[in-house]
Visitor: 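Below is one structure. I have some questions about it.
For reference, positions follow the sequence shown, starting with 1. Just so you know, ligand 1 is whichever comes first in the structure, and atom 1 is the first atom listed for that ligand.
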Amino acid sequence: MATKRLFAGLLAGVFASGIAGAAEPGGVPKIGLEERLGAVMQDAAAMQAAIKAGRKVTTFCANCHGEGGNSGKPDVPNLAGQNTAYLLEQVKKFADGRRRNEFMQGLIKALSDEEKVNAVVYFSAQEVKPHASSNPALANHGKELFFKICQRCHGEQGRGNEKIPRIAGQQPEYLTLSLKRYRDGSGERMDPFMAANTKNLKDADISALVAFVSGMK
Ligand code: HEC
Ligand code: HEC
């Protein structure tokens, strides 16, 4: 399969270019990813340094996630403006297999803890470029569903909070795929809240929600 080959090629590139690897220096006590992120977020200078380092770490990511994390591909998620704790949680889920995507799982394993945190801080700090909704009539039904079911967690503007992802302006095919995965319990994405809140959605409801949410600013 051509995509498989592309992924394998890109991965080989990561190892060769040396973003991967950088093991923690010996003797330094290992701290958890959350503590590492927390420490950076509380210190303005550390945050600026992380954004700068993160820009370098993520040049490779831009191949798919776009410049500054604004994806140009409908099936690849935007990372710009995404909430830090959510991004870090997804990185951990890829690493321990609670979230399945062959390419992302392989790639995340190749990053050091510091690189993971820098990438998360960098993407979160990038400006989101809004999109127009593709289908306003469909979006009206989606809007009703959104305010009935989704708004209480994802917020009136779809921007979430530190633990709940921003979904406003997210890429449409990626949204559709993710919602169906939660609903169907197919194993790629596991989350009890999202499973409960998608289980009664029909495919047509998902199309409507996606038309609305992908057009939110
Ligand atoms: C070959 C394309 C490709 C590259 C390169 C790539 N990604 Fe991804 N990434 C994806 C796809 C596709 C998904 C969606 C996976 C899924 O849900 O099945 C994804 C998902 C993610 C997610 C979860 C986003 C969310 O909204 O839940 C994060 C975080 C992420 N990638 C970070 C990175 C970082 C950091 C890099 C660079 C070190 C990177 N990606 C490089 C294709 C790529
Ligand atoms: C009870 C709280 C709650 C409700 C209600 C809820 N969500 Fe979520 N949502 C979450 C949490 C928590 C996650 C992160 C799950 C994970 O780690 O995979 C999430 C993840 C998502 C994602 C994945 C985002 C990404 O970047 O990959 C999408 C899309 C989403 N929700 C859409 C919706 C929609 C649409 C609705 C309404 C039908 C909804 N959610 C209702 C809590 C909720």
Visitor: Examine the proximity of ligand 1 to C61 and report which part, side chain or backbone, both or neither, has a heavy atom under 4.0 Å away.
Guide: both

Visitor: Among protein heavy atoms, which lies nearest atom 16 (C) of ligand 2, and at what distance?
Guide: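 The closest heavy atom on the protein side is K93 NZ, 3.3 Å.
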
Visitor: Using a plain distance cutoff, I'd like to know if N78 has any nitrogen or oxygen under 3.5 Å from a nitrogen or oxygen of ligand 1.
Guide: no

Visitor: Just distances here: any N/O of Q90 and N/O of ligand 2 closer than 3.5 Å?
Guide: yes

Visitor: Is the closest heavy atom of T198 to ligand 2 under 4.0 Å?
Guide: no

Visitor: Between R99 and ligand 2, does any nitrogen or oxygen pair lie at a separation below 3.5 Å?
Guide: no

Visitor: Heavy-atom distance under 4.5 Å between the side chains of M216 and F146, does that happen here?
Guide: yes

Visitor: Is R183 salt-bridged to D203, cutoff N-O under 4.0 Å?
Guide: yes

Visitor: Between the main-chain N or O of M194 and the side-chain N or O of D191, is there a donor-acceptor pair closer than 3.5 Å?
Guide: yes

Visitor: Work out which heavy atom in F123 is nearest to a heavy atom in C61; give both atom names and the distance.
Guide: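 It is CZ-CB, 3.9 Å.
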
Visitor: Would you indicate whether E35, at its atom CD, is surrounded by more than 12 heavy atoms from other residues, nucleotides or ligands within a distance under 6.0 Å?
Guide: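 Yes, because the 6.0 Å sphere around CD of E35 holds more than 12 heavy atoms from other groups.
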
Visitor: Between Y122, F103, F94, flag the one that comes closest to atom 4 (C) of ligand 1 by a heavy atom.
Guide: F103

Visitor: Among the heavy atoms of H65, does any lie under 4.0 Å from an atom of ligand 1?
Guide: yes

Visitor: Run the salt bridge (charged side-chain N to carboxylate O under 4.0 Å, His left out) test on D75 and K73 for me, step by step, so that the C-alpha distance in whole Å, both residues' side-chain angles and the decisive distance to 0.1 Å come before the verdict.
Guide: CA-CA 5 Å; D75 58 340; K73 298 183 163 87; over 6 Å; no

Visitor: Tell me whether E115 is salt-bridged to K56, with the criterion being a basic N under 4.0 Å from an acidic carboxylate O.
Guide: no

Visitor: Any non-hydrogen atom of E115 lying under 4.0 Å from ligand 1?
Guide: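 Outside the 4.0 Å threshold, so no.
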
Visitor: Please report the closest heavy-atom contact between C64 and V76, naming both atoms and the distance.
Guide: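 Shortest heavy-atom contact: O-CG1, 3.4 Å.
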
Visitor: Just how far is it from atom CG of L177 to atom OH of Y182, taken to the nearest 0.5 Å?
Guide: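 So the CG of L177 and the OH of Y182 are separated by 10.5 Å.
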
Visitor: Please write down residue, atom name and distance for the protein heavy atom closest to atom 27 (O) of ligand 2.
Guide: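 Of the protein heavy atoms, Y174 OH, 2.4 Å lies nearest.
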
Visitor: Under the side chain to side chain donor-acceptor pair (under 3.5 Å) rule, what do Q126 and N70 come out as? Steps first, then yes or no, please.
Guide: CA-CA 9 Å; Q126 301 310 301; N70 279 289; over 6 Å; no

Visitor: Output yes when a side-chain donor or acceptor of N118 lies under 3.5 Å from a complementary backbone atom of I51, and no otherwise.
Guide: no

Visitor: Give the atoms of ligand 2, by number and element, whose distance to some non-hydrogen atom of Y86 is under 4.0 Å.
Guide: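 Numbered from 1, ligand 2 contributes 14 (C), 24 (C), 25 (C), 26 (O), 27 (O).
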
Visitor: If you draw a 6.0 Å radius around CD in Q151, do more than 12 non-hydrogen atoms from other residues or ligands fall strictly inside?
Guide: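 Correct, the count exceeds 12.
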
Visitor: Does any N or O of ligand 1 fall below 3.5 Å from an N or O anywhere on S178, backbone included?
Guide: no

Visitor: Could you tell me whether a side-chain N or O of Q171 sits under 3.5 Å from a main-chain N or O of N78, the two making a donor and an acceptor?
Guide: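 Looks like no, no N/O pair under 3.5 Å.
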
Visitor: Measure from atom 33 (C) of ligand 1 to every heavy atom in M104, E102, K73 and give the option owning the shortest one.
Guide: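 Looking at heavy atoms only, M104 sits closest to atom 33 (C) of ligand 1.
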
Visitor: State whether a side-chain donor-acceptor pair under 3.5 Å links S186 with E188.
Guide: yes

Visitor: Any idea which atoms of ligand 2 are less than 4.0 Å away from a heavy-atom of L175?
Guide: 29 (C)

Visitor: Decide whether the shortest distance between a heavy atom of L87 and an atom of ligand 1 is less than 4.0 Å.
Guide: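 Heavy atoms of L87 do come under 4.0 Å of ligand 1.
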
Visitor: Between atom 8 (Fe) of ligand 1 and C64, is there an N, O or S atom separated by less than 2.8 Å?
Guide: no

Visitor: If we count only N and O atoms by modelled type, under 3.5 Å, do the side chains of Q90 and R99 hold a donor and an acceptor together?
Guide: yes

Visitor: Output the list of atoms in ligand 1 that are nearer than 4.0 Å to some heavy atom of L107, sorted by atom number.
Guide: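 Answer, ordered by atom number: 6 (C), 36 (C), 37 (C), 38 (C), 39 (C), 41 (C).
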
Visitor: Got a sec: is N101 within less than 2.8 Å of atom 8 (Fe) of ligand 1 via an N/O/S atom?
Guide: no

Visitor: Closer than 2.8 Å to atom 8 (Fe) of ligand 2, how many protein N/O/S atoms do you count?
Guide: 2

